[in-house]
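Data block below; observations after.
Hydrogens, waters and symmetry mates are skipped; everything else that's a heavy atom, side chains included, is used.
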Amino acid sequence: MEPTVLQTNPQQWYLVLSTILFSIGVMGVLMRRNALIILMCVELMLNSVNLLLVSFSAYAGNSDGQVFVFFIMVVAAAEVAVGLALLVSIYRNLATTDIDVLSKLKW
Amino acid sequence: MNSQIIFFILAAISILSALFVVFTKNPIYSVISLIVCFFSIAGHYIMLNAQFLAIVHIIVYAGAIMVLMLFTVMLLNLNKDSEPHKPLLYKIAAMISGGLMLLVLLASMRSAQLGPYSSPAYSESGFVQNVGMVLFTDFLLPFEMTSVLFIAAMIGAVVLAKKEVN
């Protein structure tokens, strides 16, 4: 079978790209106060790891990494469903999604 | 040469849209630029010959998760005015710590030995047939366990979001 897209890029590029995306996600988690945006930045971090796993799997010619990515997607979907349900119930009680208001557990 | 150009365009789209997610004030714009970022990551998956994951990624992330996020933003009526602001000092501190983490990770990756497979080769590992074979032979038990996880998450979400009747 003919290759659909030739992989001529060095794998280091994917390493650098997913590191940058992960750092942007970390920066967003630290920077924003809206809990919804923080959830989205966590998604971004999960996706950068997914990209790295796929690149390793593709360059090693082994499908195991892509199965891991599949499971990470499952966990991310479950996490978002539960996280948004929590967010909605918090909003119903406090009428805000600001994480600085939710500081009762803070020491 | 062509695939390098495609890589750089996709990488630029994903990094810029990820930065836009973090820096824009309006949550709706954040959600939409995160969708753009996810589509560009799906493009990267196609570049890596992982067709199955590219399709699943679009269906799960752009189709399900981001619609859920968008619904929540609209349900809670979040907009630019209700967006909480952090002091500038916190923002600069967050940017510095994120940048330092990027620096440390890149410095540690510089010395990484990627092994003999670092010379790129055509790989069929991402085709539906191969992923399916691995998924339903080696990883059959974890695959079935994810259904339990999903049921737990579904029940948890319903219980948490249900209006309390006192």
Side-chain angles (χ1 to χ4, degrees), chain A residues 3-13 15-17 19-21 23-28 30-34 36-37 40-41 43-44 47 51 54-55 57-64 66-67 69-71 73-78 80-82 84-89 91 97-98 100, chain B residues 3-4 7 11 14-15 18-19 21-22 27 30 34 37-38 41 44-50 53 56 60 64-65 68-69 72-73 76 78 83-84 86 91 94-95 97-98 101-102 105-106 109 114 117-118 120-123 125-126 130-131 134-135 139 142 146 149-150 153 156-157 160-161:
Chain A
T4 47
V5 179
L6 283 169
Q7 290 163 1
T8 52
N9 302 330
Q11 205 199 347
Q12 275 85 352
W13 292 1
L15 259 111
V16 171
L17 174 65
T19 311
I20 291 171
L21 285 178
S23 300
I24 291 171
V26 170
M27 207 166 74
L30 293 174
M31 192 184 288
R32 300 302 294 260
R33 271 170 55 184
N34 191 340
L36 194 79
I37 311 277
M40 280 161 50
C41 291
E43 289 300 310
L44 197 63
N47 268 287
L51 181 62
V54 171
S55 82
S57 154
Y59 280 83
N62 188 342
S63 298
D64 287 4
Q66 307 201 0
V67 176
V69 172
F70 185 75
F71 289 132
M73 281 179 186
V74 169
V75 171
V80 163
V82 175
L84 288 179
L86 275 171
L87 206 64
V88 167
S89 76
Y91 189 83
T97 54
D98 187 349
D100 282 7
Chain B
S3 73
Q4 294 182 6
F7 174 87
S14 40
I15 289 172
L19 282 174
V21 171
V22 176
S30 284
L34 193 59
C37 185
F38 284 166
I41 288 176
H44 281 297
Y45 288 169
I46 292 171
M47 289 277 290
L48 287 166
N49 254 335
L53 275 183
V56 169
V60 170
I65 291 181
L68 206 61
M69 290 264 185
T72 313
V73 170
L76 305 187
L78 299 176
E83 185 65 17
K86 260 198 174 165
K91 286 186 180 171
M95 274 160 80
S97 43
M101 208 193 86
L102 176 67
L105 285 177
L106 284 183
M109 276 170 193
L114 282 182
Y117 51 80
S118 59
Y122 173 63
S123 125
S125 61
N130 297 326
V131 177
V134 176
L135 192 59
F139 292 89
T146 53
L149 174 74
F150 258 139
L160 284 171

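For F150(B), the part sitting under 4.5 Å from any heavy atom of chain A is the side chain, from C-beta outward, and nothing else. With a 4.5 Å cut-off on non-hydrogen atoms, V26(A) touches chain B through its side chain but not through its backbone. In this structure, chain A has heavy atoms under 4.5 Å from both the backbone and the side chain of S14(B). For L21(A), the part sitting under 4.5 Å from any heavy atom of chain B is the side chain, from C-beta outward, and nothing else. In this structure, the portions of S30(B) lying under 4.5 Å from any heavy atom of chain A include both its backbone and its side chain. Looking at I24(A), both its backbone and its side chain come within 4.5 Å of chain B, counting heavy atoms on both sides. In this structure, chain B has heavy atoms under 4.5 Å from both the backbone and the side chain of F70(A). With a 4.5 Å cut-off on non-hydrogen atoms, L51(A) touches chain B through its backbone and its side chain both. With a 4.5 Å cut-off on non-hydrogen atoms, A64(B) does not touch chain A at all.
Counting heavy atoms from C-beta outward, V80(A) and M69(B) have side chains that approach closer than 4.5 Å. Side-chain atoms of F71(A) and L135(B), non-hydrogen and from C-beta on, do get closer than 4.5 Å to each other.
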Exercise. Which is it for N130(B) and Q66(A) under the side chain to side chain contact (heavy atoms under 4.5 Å, CB included) test, yes or no, and what are the steps along the way?
Worked result: CA-CA 10 Å; N130(B) 297 326; Q66(A) 307 201 0; over 6 Å; no
